Protein chains: 2
Amino acid sequence: MKGQMMHRPLKIADLITFAADTFPDSEIVSVRTEGDIHRTTYGETAKRIAQLAHGIQGLGIEVGDRIATLAWNGYRHFELYYGISGIGAVCHTINPRLSAEQMIYIINHAKDRLLFVDLTFVPIIEKLREHLPEDLRVVIMTDRAHMPETSLAGVLCYEEVLDGQPDHMDWPDFPEETAAGLCYTSGTTGNPKGTLYSHRSTVLHAYSLCVTLPKVLQEGSRILPVVPLFHVNAWGLPYSAPLSGASMIFPGGALDGKSLYDLMEREKVFSAWGVPTVWLGLMNEINQRGRLPDGLGDIVVGGSAAPRSLIEGFEKQGVNVCHAWGMTEMSPLGTQGNLPPRMDDWGMKERIDRKQSQGRRVFGVDLKIVDDEGNRLPHDGKTPGHLYVRGNSITSGYFENPEASKLVFDEEGWFCTGDIAAITSDGFLVITDRSKDLIKSGGEWISSLDLENIVMSHSGVANCAVIAVPHPKWDERPLLIIQSKDDDAPPPKDELLEMLGEHFAKWQLPDDVVYVDALPMTATGKVSKLTLRKNFAEGAA
Amino acid sequence: MKGQMMHRPLKIADLITFAADTFPDSEIVSVRTEGDIHRTTYGETAKRIAQLAHGIQGLGIEVGDRIATLAWNGYRHFELYYGISGIGAVCHTINPRLSAEQMIYIINHAKDRLLFVDLTFVPIIEKLREHLPEDLRVVIMTDRAHMPETSLAGVLCYEEVLDGQPDHMDWPDFPEETAAGLCYTSGTTGNPKGTLYSHRSTVLHAYSLCVTLPKVLQEGSRILPVVPLFHVNAWGLPYSAPLSGASMIFPGGALDGKSLYDLMEREKVFSAWGVPTVWLGLMNEINQRGRLPDGLGDIVVGGSAAPRSLIEGFEKQGVNVCHAWGMTEMSPLGTQGNLPPRMDDWGMKERIDRKQSQGRRVFGVDLKIVDDEGNRLPHDGKTPGHLYVRGNSITSGYFENPEASKLVFDEEGWFCTGDIAAITSDGFLVITDRSKDLIKSGGEWISSLDLENIVMSHSGVANCAVIAVPHPKWDERPLLIIQSKDDDAPPPKDELLEMLGEHFAKWQLPDDVVYVDALPMTATGKVSKLTLRKNFAEGAA
Ligand SMILES: Nc1ncnc2c1ncn2[C@@H]1O[C@H](COP(=O)(O)OP(=O)(O)OP(=O)(O)O)[C@@H](O)[C@H]1O
Ligand SMILES: Nc1ncnc2c1ncn2[C@@H]1O[C@H](COP(=O)(O)OP(=O)(O)OP(=O)(O)O)[C@@H](O)[C@H]1O
Ligand SMILES: [Mg+2]
Ligand SMILES: [Mg+2]
């Protein structure tokens with residue numbers, strides 16, 4: 001028997017309409033590529049989004065068309081999220097740190113019809129232009145006064161697309177399964193693969209994010225997404241902030257510790273979201289100035305495992321660290337690492353131990369861990385297995401890529417994350433590795449994450465990675481790669497191995513330690529173990 | 001173009017599975033009809049819910065069957081919410097304060113197959129038994145030791161339904177539009193009408209409630225629903241508490257000021273939810289003891305307009321009052337009255353002014369106000385009109401009642417609330433009356449709510465109502481009805497009219513004042529203006 005309730009499609013545009021009605025004065029503050037700071041509100045932004053939508057329709061865009069963005073975090077990029085999806089088109093965010101080759105692949109694969117580009121990235125597009133679809137039109141995200149000289153033919157100016165358009169839109173209805181956003185993985189293995197988000201998946205994800213982080217996502221809260229709008233929808237914040245009434249502070253392109261510190265202090269940011277590398281930079285700046293930016297109370301860290309030392313550094317200064325785990329294919333949120341109140345009176349060490357885990361699942365994400373044969377493993381915190389997920393905000397297949405799609409679902413239809421993890425009896429996910437980064441020595445698994453965590457606590461280590469190198473007898477053996485804080489005084493090998501020796505069995509210790517000037521990074525700001533594996537395929541030599 | 005995301009049905013059972021996985025230790029505390037206090041957790045409760053579901057299936061219950069409950073707020077009633085809907089049956093909550101006639105109508109109209117009944121209400125059912133369907137089986141919500149002597153044939157014992165059943169359930173999948181709950185309005189006009197909630201409407205409503213009240217609905221929070229589980233799902237709390245991780249304190253049948261105070265104090269209740277009458281009782285108790293119950297920080301009040309004096313009384317003691325508005329037909333939440341941070345530095349008077357309004361809409365509820373011809377009215381805070389709503393948690397028609405259904409939707413498919421309201425430019429709903437309570441004098445509307453609010457601030461008034469009485473010249477004129485705090489010293493008529501005279505034009509003032517021992521109440525704890533209108537159809541005489 002069916003219930004007798006109205007059926008309204010879950011629609012992204014309803015989020016901004018709601019925010020404009022309900023939180024008209026909540027702020028969107030942006031560090032602009034033009035150099036200044038820009039302030040606006042949800043009330044004003046909803047009007048500009050309507051203008052943008054009318055403007056895009058005027059350019060001949062129709063339901064289902066893909067429209068690409070290549071931009072920093074700023075209000076115009078936010079407007080594009082809503083203006084594009086609102087009319088049933090698909091907002092395809094491109095990671096500007098991808099290689100030229102990957103970018104060309106992505107834009108052609110997505111068949112983008114429009115490309116919105118920040119001033120900073122115009123040169124990139126100039127270089128790629130001849131490899132992009134001929135009918136792709138480029139819009140530069142600035143006003144007439146700041147339009148650059150460019151070799152690009154027929155470029156449009158963002159503000160002129162909006163100019164004179166009506167500032168109200170009756171957003172069309174369409175099925176909630178309609179595509180709304182497209183984001184390609186950084187493609188560390190093979191060509192990038194696209195996740196095609198729907199209105200339904202996006203709205204439900206926004207709901208779950210708000211429910212999961214009630215202390216952060218509420219009216220009056222000020223949130224800084226350092227995580228880029230081109231990396232899995234800035235973890236869903238552009239949708240959950242308007243839903244909750246929180247204000248957003250967009251940092252533009254200046255993501256170094258000093259710039260972030262100054263922005264946070266000036267804007268009284270309460271919660272800041274980003275990958276570990278970013279927080280290592282901020283922590284440095286905090287240490288130098290000897291105090292936290294005013295107002296900072298919360299850090300959300302994800303994208304790769306947060307080093308223990310990082311969590312500890314913030315927690316000891318009274319900043320709550322929420323260690324979250326997710327994937328592009330998951331919209332992205334899977335788990336969140338805030339601790340339950342019953343752990344309030346635990347000691348700092350025990351609390352940090354727990355915060356090193358990836359935390360508890362959010363509503364709408366089902367987790368299972370299985371062995372190589374697909375049998376379910378117990379949730380005892382000790383038995384790692386292949387992690388699979390299921391839920392409304394999880395991919396059901398890669399965009400126009402049936403081959404890649406075939407490989408990632410099991411018979412029950414669950415998505416294979418590629419992560420190896422255990423789950424504790426009280427529901428905490430503990431990721432031990434990515435399956436492709438696993439080190440298998442003499443038939444036993446060695447967790448690279450566990451080793452890295454200990455090494456990161458050495459005061460002379462800026463960053464590190466443990467990778468597998470081939471070994472004739474043991475199959476694979478761990479190699480430790482160090483980026484020192486001070487190149488002239490790198491932490492000695494013996495000291496590092498001794499440190500590790502206190503926590504690990506002898507056979508788990510790295511066979512060697514090598515020192516590099518800088519660890520290679522992926523486009524999403526993670527240490528690129530793929531590159532390291534290539535560079536050290538022969539071992540430390 | 002469709003997105004490529006998994007489609008999982010939104011399901012109520014997933015809420016309790018989630019809570020058991022994620023918040024296994026969050027509490028459910030119940031004042032039992034057996035007389036003692038019962039404590040359990042989401043972890044334990046999920047197991048009992050599985051047992052209950054197996055037990056019900058063993059009684060031959062199938063998808064779509066209606067199962068009625070007649071019970072106070074307690075853990076067994078909560079278990080029924082999940083056990084019944086989890087297997088695709090429909091949990092039909094009955095208001096024990098309905099008349100015998102209405103109850104007979106409802107149970108027969110719903111074609112209930114099972115009836116779960118608290119010890120307290122066994123006598124009611126004994127009396128009605130012969131008018132109820134023959135094949136209706138009655139389950140008494142207690143254990144074997146407490147089973148009463150009863151004239152009812154073939155009654156079952158709740159704990160025996162669970163006994164020996166497996167404590168795990170693989171909850172079946174079904175379309176998210178499947179019916180899950182049924183609640184009849186109290187039927188102050190005509191026969192009660194049923195709202196048939198679906199899994200989708202319920203889960204989305206739970207999400208919206210959490211997002212709307214992030215300070216209350218979070219892990220570690222302790223919430224007391226005084227609003228009954230038989231009154232619109234206790235405003236959705238049984239679904240949103242497990243979603244957020246909050247603990248619930250169920251008060252059983254003792255809802256007087258003293259009992260509530262003691263329970264709140266002992267259980268350190270942070271937020272308590274109920275109708276104004278309940279809070280008037282608690283406020284009395286607080287005034288007598290000279291202090292708040294320990295831990296109390298928040299009151300949610302709805303169901304009818306919160307008197308200004310009530311809001312003020314709590315706010316002055318530092319308790320946040322959230323004045324909410326909703327309807328049975330809306331699951332029920334429509335708007336919430338917490339103030340935005342920009343009003344933090346407003347004076348107490350201005351803040352209370354605002355809190356008297358019904359607040360801002362929640363995500364998923366669209367509001368419109370229209371004139372008699374259906375034309376949209378401006379959101380200027382001054383122009384009241386007929387209030388219509390639209391959204392996923394709003395009825396699309398009454399259960400098996402096409403005649404009643406026909407009357408409540410406009411051509412665009414919006415639901416007519418029967419309320420008269422204005423909306424301010426910053427999104428606050430201001431209800432001036434129910435259309436059936438409106439007083440139309442000489443072609444002009446007089447708001448009974450506005451008059452009542454002023455009168456309620458008189459220290460000698462316990463409760464009051466303003467109703468319309470027929471008038472030969474003006475059509476209708478307002479009559480003020482007073483329930484005094486002290487029958488020996490009722491507030492004098494002159495004093496009351498003088499008070500009103502300071503706020504209203506002369507023609508808006510009541511023509512007369514009458515005094516009653518007690519105002520008649522509806523089954524949902526509101527002043528019954530219908531009864532008053534009948535009693536005073538001839539005016540004060
Ligand atoms: N908190 C965390 N702890 C450990 N690993 C994490 C965490 N958060 C994310 N990850 C890792 O990042 C993966 C998701 O990567 P993401 O989708 O963000 O980027 P990507 O572009 O797909 O990168 P890649 O191409 O390397 O997969 C997860 O499967 C997991 O391995
Ligand atoms: N905060 C509030 N302020 C004013 N009126 C309110 C408020 N909350 C609820 N109401 C009134 O209660 C109505 C909803 O009644 P509800 O569904 O809770 O009970 P009911 O059983 O339908 O009662 P009735 O039979 O009298 O309609 C609303 O339409 C509105 O008139
Ligand atoms: Mg990936
Ligand atoms: Mg009603």
Side-chain angles (χ1 to χ4, degrees), chain A residues 1-8 10 14-15 18 21-25 63-64 90 175 177-181 195-201 204 207-208 210-211 214-215 217-220 243-245 331 338 340-342 360-361 363-364 390-399 413 415 426-427, chain B residues 1-8 10 14-15 18 21-25 63-64 90 175 177-181 195-201 204 207-208 210-211 214-215 217-220 243-245 331 338 340-342 360-361 363-364 390-399 413 415 426-427:
Chain A
M1 187 171 59
K2 283 177 78 169
Q4 283 181 265
M5 304 302 281
M6 292 187 189
H7 189 290
R8 299 279 315 147
L10 299 172
D14 286 342
L15 293 167
F18 173 69
D21 282 359
T22 313
F23 316 112
D25 298 323
V63 174
V90 178
E177 292 79 13
T178 302
T195 305
L196 191 64
Y197 309 108
S198 69
H199 285 261
R200 173 179 167 99
S201 72
L204 291 177
Y207 263 136
S208 280
C210 287
V211 171
K215 291 185 186 166
L217 283 158
Q218 57 172 257
E219 202 177 3
L243 176 54
S244 69
S331 299
N338 284 328
R342 76 187 143 87
R360 292 170 291 169
R361 72 184 180 98
F363 182 70
R390 188 179 66 173
N392 276 300
S393 299
I394 294 165
T395 184
S396 64
Y398 292 108
F399 179 59
F415 174 75
D426 55 354
Chain B
M1 188 171 58
K2 282 177 79 169
Q4 285 181 262
M5 304 303 281
M6 292 186 188
H7 190 290
R8 300 280 315 147
L10 299 172
D14 286 342
L15 293 167
F18 173 69
D21 283 357
T22 313
F23 317 111
D25 299 324
V63 175
V90 178
E177 292 79 13
T178 301
T195 304
L196 191 64
Y197 309 107
S198 69
H199 285 261
R200 175 181 166 97
S201 72
L204 291 178
Y207 262 137
S208 280
C210 288
V211 171
K215 290 182 186 167
L217 283 158
Q218 56 172 257
E219 202 178 1
L243 175 55
S244 69
S331 300
N338 284 328
R342 75 187 143 87
R360 292 170 289 169
R361 72 183 179 99
F363 183 69
R390 187 180 66 174
N392 275 301
S393 300
I394 294 165
T395 183
S396 64
Y398 292 108
F399 179 60
F415 174 75
D426 54 355

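These values consider heavy atoms only, across backbone and side chains, with no hydrogens, waters or symmetry-generated copies. Chain A is the first sequence line, chain B the second, and so forth, proteins listed ahead of strands; every chain is numbered from 1. Please read all numbers here as calculations on a predicted model, not as lab measurements.
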Quiz question: by atom type and distance under 3.5 Å, do the side chains of A:Ser208 and B:Tyr207 form a donor-acceptor pair?
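Yes, side-chain donor-acceptor contact under 3.5 Å.
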
Counting only non-hydrogen atoms closer than 4.5 Å, does B:Arg361 touch chain A with its backbone (N, CA, C, O), its side chain (CB onward), both, or neither?
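It is both, since atoms from each part get that close.
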
Is it the side chain or the backbone of B:Tyr398 that comes within 4.5 Å of chain A heavy atoms, both, or neither?
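The answer is the backbone of B:Tyr398.
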
Answer with side chain, backbone, both or neither: which region of [X] has an atom nearer than 4.5 Å to a non-hydrogen atom of chain B?
X: A:Leu217; answer: backbone
X: A:Ser331; answer: side chain
X: A:Arg200; answer: side chain
X: A:Asn392; answer: both

Please answer whether the main-chain N or O of A:Glu219 pairs with a side-chain N or O of A:Ser244 as donor and acceptor at a distance below 3.5 Å.
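Checked: no pair found.
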
Any donor-acceptor pair under 3.5 Å linking the side chain of A:Arg360 with the backbone of B:Thr22?
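It does hold such a pair.
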
Can you find a heavy atom in the side chain of A:Met1 that is under 4.5 Å from one in the side chain of B:Leu196?
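Touching, per the 4.5 Å side-chain cut-off.
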
Quick check on the interface: out of A:Asp426, A:Thr195, A:Leu204, who has the most heavy-atom pairs with chain B under 4.5 Å?
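The answer is A:Leu204.
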
What residue, out of B:Pro341, B:Gly64, B:Gly427, has the most heavy-atom pairs lying under 4.5 Å from chain A?
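If we count pairs closer than 4.5 Å to chain A, B:Pro341 comes out on top.
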
Counterpart residues, ring-ring contact (aromatic ring centres under 6.0 Å, His included), relative to B:Phe415 (two or more places apart):
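Once residues adjacent in sequence are excluded, the partners of B:Phe415 under the ring-ring contact (aromatic ring centres under 6.0 Å, His included) criterion are B:Phe409.
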
Taking only residues two or more places apart in sequence or in another chain, which ones pass ring-ring contact (aromatic ring centres under 6.0 Å, His included) with B:Phe18?
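Testing B:Phe18 for ring-ring contact (aromatic ring centres under 6.0 Å, His included), a comparison that skips the adjacent residues, returns A:Phe363, B:Phe23.
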
